[in-house]
2 protein chains.
Amino acid sequence: MQQGPQNGSTEIGRLRPFLANLASHVHLGEADLRGIAQLVTECRKVPQRTELVQGKQQSGEVQVILSGFACRIKTLHDRRQITSYLIPGDICDHRYLADRAPDQSVCAISAVEVAHIPVEALTDLCERQPRIMRALLRVSAIDSAIAAEWMVNLGLRTAQQRVAQLFCELYARLRVVQLAGSQAFDLPLTQAELGEALGLSTVHVNRTLQDLRRREVLTFRSGRAILHDRQKLAEIAAFDSHYLGLSDPTPNEAA
Amino acid sequence: MQQGPQNGSTEIGRLRPFLANLASHVHLGEADLRGIAQLVTECRKVPQRTELVQGKQQSGEVQVILSGFACRIKTLHDRRQITSYLIPGDICDHRYLADRAPDQSVCAISAVEVAHIPVEALTDLCERQPRIMRALLRVSAIDSAIAAEWMVNLGLRTAQQRVAQLFCELYARLRVVQLAGSQAFDLPLTQAELGEALGLSTVHVNRTLQDLRRREVLTFRSGRAILHDRQKLAEIAAFDSHYLGLSDPTPNEAA
DNA sequence: CGCTAGATTGACGACAGTCAACATTGGTGG
DNA sequence: CCACCAATGTTGACTGTCGTCAATCTAGCG
């Protein structure tokens, strides 16, 4: 069933977040999953705070996060804007779809495991299995939808609402890959890194978090988020999960 | 050479902005252009301030802007965030790539002409002509890159810089479709609409524009922008056109 | 035990929002 | 041709959210 130490069903285990992510959009069979798993040429561990993908560089590979957290970053002068958080199951960048490199870099926030998949092999597979193609395009579309929601965040929400929105989003996304409990999840971010995503200063993030904590809505401490009152949190954020394209709330397959 | 009153080479003329847009990323031959033009089933005129695409609705067609300006919009409570401006040659939304509707609506800013292309026909063409597929994916990738740049705008630029950035971007994009002169272009936006894109209040947009005018960098008045000092404007914005993926500065074909 | 990264606090200032009045423009109809 | 109207642009006064700076606290770690 496998072709070497790197391929086959053992890979399915490691790739689970990615497969779960894809399967949450388009139904994929055993064969599809195995097909994808076999494309993985390399799994590597990357230490905290390392660049996974460089800004203007071209590579023939797609990188998929298997464990840990990363983010896409754009830099202006010497300040950074985090344009998205990448969680297990996410594709580092979708530039592989178009053969040109946009100007974002991807940076590991925690220690991260990534799988490499050669673009060509993936393209071939997509041609044979349109369902897989569709799943990948869906993932990419949702990526854009998240970007749009973040613009709303930056453009018209207050600090409170921004923080609340982000935690609602991350909760929903982490649920998909089974990395969130019913009201808590691990999130190895510093307050500074939250600020870089939310367009807020570290100090203000701190105060906002304190306020939410005091009101017993959300506690975020030492890398762990506890959503005491998801209802209220969603209210504050005016959160509508629609944009995440989660049709089925909790896929149980392969759990 | 044509198959009816709606198809064939006459369409090439009207579709020129779209074709120029595609061709600026991937080289396309006469045959490709004709192939695309023949897919157009309908061209309609849409009055100012009309919704072109509704939020959560699915349609089997791609809509392309032929003339006029539009924008994508997300709404929070009763305030709007413009997530992108659409200019002639742009595709209203890329949801056709994934078979699921994100939650943005598209709204005509000025009177607009749009061409409709059935998704299926386009998909078929893409399969026969991978170059066209690649061009479409490139366009979609640049769309994402613009979104990321707007996040930088909202997240870490000041009002001045935001305005400057936006005008730099629009200038560059309008150049591609031959809608900008050497230092001026038409832009039928109100200051309020600028504010909705930039995350600024109308009043503040007004003051910022005044300041840029006073400093003889940029004049924006009654729907026309004049870039008196593009150099300085780009400096203020810290503008780097790289993200727009413009390899060749001024394509002259079919001009 | 001291070091460092991260979190927290306080004081202060500034950029941008809000409100409300007023001016200008362009379009419409008498 | 002018009067009127609505939409857009402009201005001033005031407010508030949030940024900056800098000091202090805390916890993990060698």
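The sequence lines fix the lettering, A, B, ..., with proteins before strands; numbering per chain opens at 1.
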Kindly assign one of parallel, tilted or perpendicular to the pair B:His94 and B:Tyr96, based on the angle between their ring planes and the thresholds 30° and 60°.
tilted

Expressed as a whole number of angstroms, how long is the span from A:Glu196:CD to D:dG19:C1'?
15 Å

Between the side chains of A:Gln191 and A:Thr202, does any donor sit under 3.5 Å from an acceptor?
no

Before you tell me yes or no, could you show the steps for A:Arg207 and A:Asp211 under salt bridge (Lys or Arg N to Asp or Glu O under 4.0 Å), namely the whole-Å CA-CA distance, both residues' side-chain angles and the distance that decides it to 0.1 Å?
CA-CA 6 Å; A:Arg207 294 190 168 121; A:Asp211 191 33; over 6 Å; no

Per-nucleotide protein contact string for nucleotides 23-30 of chain D, where B marks a base within reach and S marks sugar-phosphate only (heavy atoms under 4.0 Å, - for neither):
--------

note: A:Asp211, atom CG; D:dT17, atom P; distance rounded to Å ~ 12 Å

Summary of protein contacts for nucleotides 7-14 of chain D, nucleotide by nucleotide, where a base hit scores B, a sugar-phosphate-only hit scores S (4.0 Å, heavy atoms)
-SSBBBB-

All heavy atoms of A:Val177 vs all of A:Pro88, minimum pair found to be CG1-O, 3.5 Å

Mind jotting down which residue pairs meet the ring pair (Phe, Tyr, Trp, His ring centres under 6.0 Å) criterion with at least one end in residues 168-193 of chain A? Sequence neighbours excluded, please.
none

What's the separation between atom CD1 in A:Ile87 and atom CD1 in A:Ile65, rounded to the nearest 0.5 Å?
10.0 Å

Has the side chain of A:Thr190 got a donor or acceptor atom that lies under 3.5 Å from a matching backbone atom of A:Glu193?
yes

Answer yes when A:Arg72 and A:Asp90 have at least one side-chain N-carboxylate O distance shorter than 4.0 Å, and no when they do not.
no

For the backbone of B:Ala197 and the side chain of B:Gln81, can you confirm whether one donor and one acceptor N or O come within less than 3.5 Å of each other?
yes

Checking B:Thr50 side chain against B:Gln48 main chain: does a donor-acceptor pair fall under 3.5 Å?
yes

So, taking the atom named CG in B:Leu189 and the one named CZ in B:Phe220, what distance separates them when rounded to the nearest 0.5 Å?
5.0 Å

Five-pair end axes of the helix from C:dC1-D:dG30 to C:dG30-D:dC1, angle between them (10°):
30°

Nucleotide range of DNA chain C contacted by chain B, 5' to 3', under 4.0 Å to a heavy atom?
C:dA16 to C:dC19

Would a distance-only check, ignoring hydrogens and angles, find a side-chain to backbone donor-acceptor pair under 3.5 Å from B:Ser110 to B:Gly68?
no

Output side-chain donor-acceptor pairs under 3.5 Å for residues 150-158 of chain B, partner residues at least two apart or in another chain, one line each.
from	atom 1	to	atom 2	distance (Å)
B:Trp150	NE1	B:Glu169	OE1	3.0
B:Trp150	NE1	B:Glu169	OE2	3.3
B:Asn153	OD1	B:Arg157	NE	2.6
B:Asn153	ND2	B:Gln165	OE1	3.2
B:Arg157	NH1	B:Ala237	O	2.4
B:Arg157	NH2	B:Glu149	OE2	2.3
B:Thr158	OG1	B:Gln161	N	3.4
B:Thr158	OG1	B:Gln161	OE1	3.3

